[in-house]
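Working notes for the structure below.
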Amino acid sequence: MSSRYNHKIVEKKWQNFWSDKKTFYSKIDKSKKKFYVLEMFPYPSGKIHMGHVRNYTLGDVISRYKIMKGYNVLHPMGWDAFGLPAENAALNEKRNPKDWTYKNIKTMKSQLLKMGLSLDWTKEVTTCHPDYYKHEQKFFIDMFKSGLAYKKEAEVNWDPIDKTVLANEQVIDGRGWRSGALVEKKKLSQWFLKISKYSEELLEDLNKLKDWPNKVKIMQSNWIGKSVGAEIEFNISNQNKKIKVFSTRPDTIFGATFIAISIDHKLSKELLIKNRDLSVFISKCEKQDSDKVKIGFNTGLQVDHPLIKNKKIPVFVANFILSEYGLGAVFGCPAHDQRDLDFAKQYNLEIIPVVKPHNFNDSEFKVNDKAYVEDGVLINSEFLNGLKIKEAKDKIISYLEKCKIGSKKTNYKLRDWGISRQRFWGCPIPIIYREDGEVLTVDEKDLPVKLPEIENFNKNSITLDNVSGWKDTICKNTGMKARRETDTFDTFFESSWYYFRYCSARSNKPFEQEDINYWLPVDQYIGGIEHAILHLLYSRFFTKALRDLGYFKINEPFKGLFTQGMVTHQTFKNNKDEWIEPNEVERIGSRYIDKKNNDVKVGKIEKMSKSKKNVVDPNDIIEKYGADTARWFMLSDSPPERDLEWTETGIISSYKFINKVWDFVNLYNSYNILEINKDEKIINDLKLKINQVADNIEKFQFNKSVAKIYEYVNLLNESILKKTLSKESFKWSLEKLSQILQPFTPHLSEELWEALGNKNACIKETWPEQNINELEVNYNIAIQINGKTRDILVTKELFEKEIVVELASNKDKIKRYIEDKKIIKIIYVPGKILNLVI
RNA sequence: GGGAGUAUGGCGGAACUGGUAGACGCGCCGGAUUCAAAAUCCGGUCACUUAGGUGGUGUGGGUUCGAUUCCCUCUACUCCUACCA
């Protein structure tokens, strides 16, 4: 046996072992409890980065731990393979995005294999493969037929030089990323999914997600943005027309002093025809969209206040009214809404307070620069006067309903999901437009609609639309000419159902009932917080939509969610204010210098990014120190949900730890203490640590598990130095160490396990849970005088109060404090503290 | 503007339900080993101190026998979101 630990040989050996023995291949086994652990699948951008390493290490700890706890674990991996970078690379390198993508997948897969992850690669899924995307084309057809998918006009970013639609990330400071042209807004007919139909369910079911971070649930809840209010009709004076508005504050209706409608409200469009000034105003609004200055256009129209006789209020078209929310029209109550107040002051509109704070007299209360939005009492509001806001709301709504001029109404911010992308490297939308104007879905037997295989990418943009010949087709039923839809799906479409596909990855059907019923939902999903809203909300929606289309009966896809922190690193700048890489920086004392001996500015600790040049390549780290070292470092110190700062000293100390553990083998081989009489205490203490490691894994606090393993190792080391451990117990301790290390540093674990003479793999062992009732626990009772700890009493049992007081009083130190003083009060918390108040 | 969160040694972080603040790791200091260095090993490491103690968890207050933990005030930072009526 080699006495030195060679991570390259050892890690390769066990990776081959797991692969040869198919250790992590999963099959349905109804005799076991299942556990589905999943990390968010990667986009194959080229090579893995530290964020991936952290993500997959966290998942692997859970996976291996659950395996050892006897669960039947599913832990798959795949590729989110459609997307813009492949198109960019295609243009830059003049090659097919498919080749580029598959090349990256190959590279990244080999890197993942080197991490020693417990993945089931037989379930690998690649979303750009027709065998994957044909199923989502079918989903889309079902959605179309059931009315969940529909077409409507929507704005896109248009590059007038490259004559292409740009994704948001291709617009930099309002200009096209390649051409530099000013980007224009253009309206196109595009596909949408009716996620808004599920607003209430998506909101309501958040309550069921007990194992999700609160933060994420709050973010989704805000995004869905439910608000309850009323719709109210205003008659336009002297006309037989109405304007309907939505308000969450119908209680302030008596303070309404104007009506504001959006620039593309139906009424605005009507007025526009005859009013040139209005059209000038509207085009002005369209240009300065991000501007927060509120401007309005007085239409000259007035409406009758529905509750105050003979009161007329003006109608404005205003830039701050959203056309997509509510009814695109509001009544303005300047006294109780800051936006309305800003607007009213600018156009000299009336400000009538209708709610006053509780501690004011009616006549004293005035609104000046700040709208009053707190709770209070209604004033100037006829029959609402004296009521609190909540009461006034209820009363006014029932009044409006009685008079048939309004009704209670719930609104949601959540808007339908626009899934059309005018791109090339995405899943084609299976629709054809026949020459007579009919919109038809592609026949199921003709799926998949495959992407064209083209080699020539010498243009400035690639989209399906400009691939010659691809879109021309015929309607098979009629023989009429037809044109294919050239939009592709948003790539969130693929990631909305991949976790279902994993469990039936090679099936001809999208998934098998039996697999879904057994494996879903995902028990533990792990990924970055950046997906808190879109990906996770779309996936939840997709699950509910597929359920309603009859695919299965699952309501929620992810039972448990964990959002990990980022991997960060120190940044550096040289004397020309350029970012420089950490490996070009040297530290001498408190000074940092570059290779030319110039001073280097130490910047903030930031997320690793190429632009700031503070990236550490996992490949280099694994090569140099090994996967176990990288994994151990990822798990040490930083709690998984917080940011982790990558440091050179940190990785080195992890490396030292790996080697230190291995050195125990050498120590063991030359160890010759045979007597076992001094063992009991140390074994007892080690057993306590083993359980603490598991407790912390269960709580997702791996940094604390790591600390407990250090304590285990320190205890072991100490007793070996003191020779209080027998050889037999030494062996036992190392075997247990192998087992508790398995989730964290699996290669080291197996190597150590084997070196101790074991034939079967350590991953096949049961987690060494200790029966806590058989373990001896020492109680350290803090003896306090007036709440200050003065001494520690160590006992082996939980004694009665009287006994502890007696034991404590006999201690010299305590005696000195008590002396002749009288003990007024005794507080005893069994096993923890004894407080004597004198 | 709205929402969420964080604050503990030189650093990352522990501290259960209100019960010994600083576990564990890094760094630093001292020592052993070595021709020497690296590596390794051992010991120390919150501050002050009259060596008995005293102070100490962003600020100021409160509740309590006892507060990093609960309540109120203020400050700083981070993230999300943004004219959502």
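Throughout, protein chains are lettered first and strands after them, A, B, ... in sequence-line order, and every chain is numbered starting at 1.
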Among [options], the nucleotide that comes nearest once only the side chain of [X] is considered:
X       : options                   : value
D637(A) : rG12(B), rA85(B), rC41(B) : rG12(B)
I218(A) : rG13(B), rG3(B), rC26(B)  : rG3(B)
K832(A) : rG19(B), rU20(B), rA15(B) : rG19(B)

Extract from the structure each pairing of a protein N or O with an N or O of nucleotides 51-55 of chain B at less than 3.5 Å, listing the distance.
from	atom 1	to	atom 2	distance (Å)
rG53(B)	O5'	Y817(A)	OH	3.3
rU54(B)	OP2	R790(A)	NH1	3.0
rG55(B)	OP2	K788(A)	NZ	2.8

* To do: State plainly whether the residues D695(A) and K704(A) are in salt-bridge range, i.e. N to O under 4.0 Å.
  => no
Quiz item: Are any of the side-chain nitrogens in D394(A) or K390(A) under 4.0 Å away from the carboxylate oxygens of its partner?
Solution: yes
Euclidean distance for [atom1], [N] against [M] (whole angstrom):
N       : M       : atom1 : value
rG18(B) : rC72(B) : P     : 16 Å
rU63(B) : rA14(B) : C1'   : 27 Å
rU45(B) : rG10(B) : C1'   : 11 Å
rA39(B) : rC29(B) : P     : 13 Å
rA32(B) : rG25(B) : P     : 24 Å
rU78(B) : rG66(B) : P     : 38 Å
rG61(B) : rC11(B) : C1'   : 32 Å
rG56(B) : rG62(B) : P     : 14 Å

Report yes or no: does T252(A) contribute a side-chain atom to a donor-acceptor pair with the main-chain N or O of G255(A) at less than 3.5 Å?
no
* Just by modelled atom types, is the T724(A) backbone N or O under 3.5 Å from a matching donor or acceptor in the S719(A) side chain? -> no
Taking the six-membered ring for Trp, are F331(A) and F234(A) parallel (under 30°), tilted (30 to 60°) or perpendicular (over 60°)?
tilted
| task | Determine, for F320(A) and K294(A), whether the Lys NZ or Arg CZ falls below 6.0 Å from the six-membered ring centre while staying within 45 degrees of the axis. | result | yes
Note to self: Regarding rU20(B), can its base be found pairing with the side chain of N780(A) as donor and acceptor, where the two atoms are less than 3.5 Å apart?
What the structure shows: yes
Result for 5'-nearest mapping on RNA chain B, choosing between G225(A) and M219(A), is M219(A)
